[in-house]
Structures are given as C-alpha cells and as structure tokens.
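To start, the structure itself, in structure tokens.
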Amino acid sequence: GYAQGRNNTGTDIYGNGILTYGSTVLDSAGGNITLRGQGAPSGGGAWASNGLALSGIINSAAGIINLLGVAYGDAGSQRVTGIAGLGTITSASPAADAITIVGDASASLGSSGEGINTWNGTNGINASNGGGITITAIKSPSAVNGFEPGGMTIGSASTGPVTIITDVL
C-alpha cells in the first residue's frame, strides 16, 4: 500500500502522499527505511499532488533505503511528479540495493509530470561501504523530462555502483 494524498482544491499541501519539511530527520540507526507515497488524483494546491515531496535528512546508517513515489493525477499548472525533492539521503549498507529511488509519473496527466524533480542544489544521495544507488524516473506522457536533478549531488561519497534509469534525462 501507499500513503495516499487527498484531493486538494485550495492552497493546502495535502495532495502529496508523503510530505516532509526542511528540518525533518528520519534516522533509523541501522534499520531499513521504506517510504511509499501516492499523490492525490487531483490537486492545485501550493505543493500539487506528488507521490513523495521530501526535504531534510534520511539516514539509515547500515540499513537499506527504499523510496517509491507515484503520481497519477492532474494538478493543472502545479507539479504532479512521482518524487519532488529528495533532501539528503545516506546509507552505509554494503548491499547492492543500499538506496533505491523510484519516481513514477507515467499515469499522470500533468505536463510537468516528471518521475523525479529535485528543485534545489542542497540534495545529496550517498551510499558508502560499497553499497549501490539505483534511481529510476518515469515521466508522464506529456512531460519533457523523466529526471530533473536540479543541481543535486549523486554518489559523491559512494564507493559502489550508481545507476540512473530514465526515459528522458
């Protein structure tokens, strides 16, 4: 199942499946972290209807991180992305799937329906101890890009493989 965003018609932020704000810290101290969010089918609020809208820090220590954001609605001029923003994501797991991030906007009706869109350059995704990073971004049929990294750093401290899969980069 997914955390489900609700339809929003005003300027609220509730169309997102999961939303974290700037100073949010999710730290599992070694346990696995899984976030699965699905945006509302219709939006129009300030933050639209993203599967995941993330900022802050996600740190699993030696655990695995698995993020899945799904968008399938239409928020007019607002974003309807699988994942909007990512914050800082860190895992020290040696596993090949230490960090897996999937943003799927393939069923979104929005023209700004990227699979993943990170809107600022303060983001970083790092796996140490040989752990792997896999990022998959699937855009809506009318969007231009599947993955818009927005100046983020991917794997600068990583010692394992980094794989990015997208329909348009």
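In this structure, the side chain of Thr118 engages the main chain of Pro149 through a donor-acceptor pair within 3.5 Å. In this structure a side-chain-to-backbone donor-acceptor pair under 3.5 Å is present from Thr166 to Ala137. Under a 3.5 Å cut-off, the side chain of Asp27 and the backbone N or O of Ala29 do form a donor-acceptor pair. The backbone N or O of Gly82 lies less than 3.5 Å from no partner atom in the side chain of Asn50, so there is not a single donor-acceptor pair. Side-chain N or O atoms of Asp104 include one that pairs as donor or acceptor with a backbone N or O of Ser106 at under 3.5 Å.
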task: In sequence, state the C-alpha distance, the side-chain angles, and the governing distance for Lys139 and Glu114, and then conclude on side chain to side chain contact (heavy atoms under 4.5 Å, CB included).
output: CA-CA 5 Å; Lys139 70 179 187 70; Glu114 297 90 7; 5.6 Å; no
message: Go through it in stages, so that I can follow the logic: the residues are Thr136 and Ile101, the test is side chain to side chain contact (heavy atoms under 4.5 Å, CB included), and I'd like the CA-CA distance, side-chain angles, deciding distance and then a yes or no.
response: CA-CA 6 Å; Thr136 303; Ile101 302 169; over 6 Å; no
message: For a side chain to side chain contact (heavy atoms under 4.5 Å, CB included) check, start with the C-alpha distance between Ile125 and Ile135, then their side-chain angles and the critical distance, and finish with the verdict.
response: CA-CA 10 Å; Ile125 303 171; Ile135 300 170; 3.9 Å; yes
Side chain to side chain contact (heavy atoms under 4.5 Å, CB included) between Tyr72 and Gln38, intermediate numbers included: CA-CA 8 Å; Tyr72 70 99; Gln38 184 172 22; 3.2 Å; yes
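The structure places CD1 of Ile133 at 10.0 Å from OG1 of Thr100, a figure rounded to the nearest 0.5 Å. We find the CG-CG distance between Leu35 and Leu52 to be 6.0 Å, quoted to the nearest 0.5 Å. Between Leu86 atom CG and Thr88 atom OG1 the span is 9.5 Å, to the nearest 0.5 Å.
Side-chain contact between Ile89 and Leu54 is absent, with no heavy-atom pair separated by less than 4.5 Å. Side-chain contact between Ile154 and Ile164 is present, with at least one heavy-atom pair separated by less than 4.5 Å.
Closest non-hydrogen pair, Ala53 versus Asn16, comes out as CB-OD1, 3.7 Å. Considering every non-hydrogen atom in both Ile33 and Ser28, the closest pair reads CG1-CB, 3.7 Å. The nearest pair of heavy atoms linking Ile18 to Arg36 is CD1-O, 3.7 Å. Taking all atoms of both residues into account, the shortest heavy-atom contact from Ser93 to Ala98 is O-CB, 3.6 Å. For Ser108 against Gly113, the heavy-atom pair with the smallest separation is OG-CA, 4.3 Å. Pairing each heavy atom of Gly130 with each of Pro161, the nearest pair is O-CD, 4.1 Å.
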Run the side-chain donor-acceptor check on residues 56-67: report pairs under 3.5 Å with partners two or more places apart or on a different chain.
residue	atom	partner	partner atom	Å
Asn59	OD1	Ala61	N	2.8
Ser60	OG	Gly63	O	2.6
Ser60	OG	Ser91	OG	3.4

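Cluster note: Val70 groups with Tyr2, Leu68, Val102 through ILVMFWY side-chain heavy atoms spaced under 4.5 Å, whether in direct contact or through intervening members.
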